[in-house]
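Working notes, structure below.
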Amino acid sequence: MKRYFQATGRTLAACLLLISLSYAQKPLVKGVAGVSITVSDMDRAVDFYSHVLTFQKISDEEFADEKYERLEGIFGLRVWLVRMRLGDESIELAEYLAPKGRPIPAGSHSNDRSFQHIAIIVSDMDAAYKILRQNKVEHASSGPQRLPDWNKNAGGIRAFYFKDPDGHPLEILQFPPDKGAAKWHVASDKVFLGIDHTAMVVGDTDSSLHFYRDLLGMRVVGESENYGTEQAHLNNVFGAHLRITSLRAESGPGVELLEYLSPHDGSPFPADEHANDVVHRQTLVFTNDADAAAKQFSNAHASFVSCGVVAESDGQLGFKKAFVARDPDGHAILVEEK
């Protein structure tokens, strides 16, 4: 047994976690519900996502609730939440009316550990880019890039990074005929179709897989190693060389892990980041049993943001029970039991 640990590089605790999870009959997380994005000006954000990217508002609520304080770890909060849908997927915009958090730091880069975007699928990259240019969006890439054909798992994909009014990175992406879900290839008169995944920078893919695959129960659906001038210009990071791993739950958008094999000069995740800081995003997932999920998170030594599992008897907050925790790099995960 000792030789096995040495050969695989796994600790005893990690192996025991894998063994215990292998006996679980169902994944801990049933699906991904979307991503929550903290914004500084809700009216401006809604105008951008609706008029530029054609999202539709589906809910609009304010909360000043002690339960929400315990959920997000922010005392004395008043938060304005707007849910917006594009195709089959949705996002949540959150403006903290009190207390106000900090803006995104100037000079942020795509290889910073706090980086996380949503990938919006488009039917026509040239038409989508034209719309973004007409609306004077801030570029994060030099322009749309077509990934080279030598890259078997990513060749032919066209992509472009840009920023919303607060500086959150976003991606538009067009799949070639042999890649992507079938629904992205259905003929449509719409330019912006829906959200395929959320992508986040991680420090070590294997550590992140212990979290997203072994703990949450998501399955790996794709892997690639991306580098070259197209990738560098997409990320706007000189010499970018990435290990990319795609995972999915039973439903909802995927989660993509971006490990920069080089360069290694990205900023670490802010140790003092909070939900009211505009840099904050949290991936929304749902489970059948929040108490059981929290216990497994605790056994895996995950870092909790919430003061335990928050129960909501009247369903006003949209869930029965929920908690927020962080992955190994600091990205926030909101786990809800509906």
Side-chain angles (χ1 to χ4, degrees), residues 21 24-38 49 53-59 71 81-94 116-122 168-173 175 179-186 188 190 192-200 202 208-209 211-223 244-258 280-290 292-294 296-297 302 315 317-327 331-338:
L21 291 173
Q25 302 206 350
K26 295 182 180 179
L28 192 64
V29 165
K30 300 293 292 180
V32 176
V35 175
S36 180
I37 303 169
T38 299
Y49 281 93
L53 301 178
T54 66
F55 281 74
Q56 294 183 320
K57 183 191 289 188
I58 56 176
S59 67
L71 179 68
L81 301 179
V82 172
R83 193 88 177 179
M84 305 197 75
R85 181 181 298 278
L86 181 64
D88 297 327
E89 294 78 38
S90 63
I91 60 172
E92 179 184 83
L93 303 176
Q116 182 174 357
H117 75 224
I118 55 172
I120 299 168
I121 305 304
V122 299
H168 293 292
L170 301 167
E171 179 184 35
I172 51 173
L173 187 151
F175 285 114
K179 294 181 175 66
K183 73 175 186 175
W184 303 133
H185 299 290
V186 175
S188 174
K190 298 179 179 178
F192 302 98
L193 303 179
I195 299 169
D196 183 73
H197 63 268
T198 180
M200 59 191 74
V202 302
S208 296
L209 285 174
F211 183 86
Y212 288 97
R213 181 193 61 198
D214 303 332
L215 177 60
L216 271 61
M218 303 180 76
R219 67 189 189 281
V220 175
V221 296
E223 297 177 285
I244 301 178
T245 307
S246 301
L247 302 101
R248 288 195 177 271
E250 293 179 9
S251 65
V255 171
E256 194 169 88
L257 309 176
L258 310 176
H280 184 82
R281 279 139 293 183
Q282 56 190 30
T283 304
L284 313 176
V285 302
F286 54 92
T287 184
N288 287 336
D289 188 333
Q296 291 200 39
F297 270 66
L317 301 181
F319 55 79
K320 292 180 181 178
K321 295 180 180 180
F323 64 91
V324 179
R326 295 190 184 273
D327 75 2
H331 300 287
I333 309 290
L334 172 60
V335 182
E336 295 182 340
E337 176 187 334
K338 295 293 188 182

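Keep in mind it's a predicted model, so treat the numbers as computed, not measured.
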If you look at every heavy atom in [X] and [Y], which pair is closest and at what distance?
| X | Y | answer |
| --- | --- | --- |
| A94 | S36 | CB-OG, 4.2 Å |
| F286 | A33 | CD2-CB, 4.2 Å |
| S188 | L193 | OG-CD2, 3.7 Å |
| S90 | I195 | O-CD1, 4.3 Å |
| A290 | A322 | CB-N, 4.4 Å |

Determine whether [X] and [Y] make a side-chain contact, defined as any pair of heavy atoms from C-beta on separated by less than 4.5 Å.
| X | Y | value |
| --- | --- | --- |
| L173 | V122 | no |
| M218 | R213 | no |
| F192 | Y49 | no |
| F175 | H185 | yes |
| L28 | L215 | yes |
| K57 | V82 | yes |
| F211 | V202 | no |
| L53 | I120 | yes |

Inset, instruction - Verify the neighbour count for atom NZ of K183: are there more than 12 heavy atoms of other residues, nucleotides or ligands below 6.0 Å? - result: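 Atom NZ in K183 is packed in, count exceeds 12.
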Inset, instruction - Scan side-chain atoms only and decide if E256 and T198 contain a donor-acceptor pair under the 3.5 Å cut-off. - result: no
Inset, instruction - Tell me yes or no: between the side chains of Q116 and T283, is some donor less than 3.5 Å from an acceptor? - result: yes
Salt bridge check, [Y] against [X]: does any charged N sit closer than 4.0 Å to a carboxylate O?
| X | Y | answer |
| --- | --- | --- |
| K321 | D289 | no |
| R83 | E89 | no |
| E250 | K30 | yes |

Legend entry - Steps toward side chain to side chain contact (heavy atoms under 4.5 Å, CB included) verdict (L247, V221): CA-CA 5 Å; L247 302 101; V221 296; 5.8 Å; no
Inset, instruction - Could you tell me whether a side-chain N or O of T245 sits under 3.5 Å from a main-chain N or O of L257, the two making a donor and an acceptor? - result: no
Inset, instruction - Among E171, H168, R281, find the residue that satisfies the side-chain contact (heavy atoms from CB on, under 4.5 Å) test when tested with H117. - result: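 With H117 as partner, E171, H168, R281 yield a single side-chain contact (heavy atoms from CB on, under 4.5 Å), made by E171.
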Legend entry - Value rounded to 0.5 Å, distance of CD in E92 from CG in L81: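 Rounded to the nearest 0.5 Å, the CD-CG separation comes to 4.5 Å.
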Legend entry - Rounded distance (nearest 0.5 Å) linking atom CG of L284 with atom CZ of F319: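 L284 atom CG to F319 atom CZ measures 11.0 Å (nearest 0.5 Å).
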Inset, instruction - Could you walk me through whether M200 and L258 pass side chain to side chain contact (heavy atoms under 4.5 Å, CB included), step by step? - result: CA-CA 6 Å; M200 59 191 74; L258 310 176; over 6 Å; no
Legend entry - Chi angles and distances behind the side chain to side chain contact (heavy atoms under 4.5 Å, CB included) call for Y212, I333: CA-CA 10 Å; Y212 288 97; I333 309 290; 3.5 Å; yes
Inset, instruction - Mind checking side chain to side chain donor-acceptor pair (under 3.5 Å) for D196 and listing every partner two or more places apart, or none if nothing turns up? - result: W184, R248
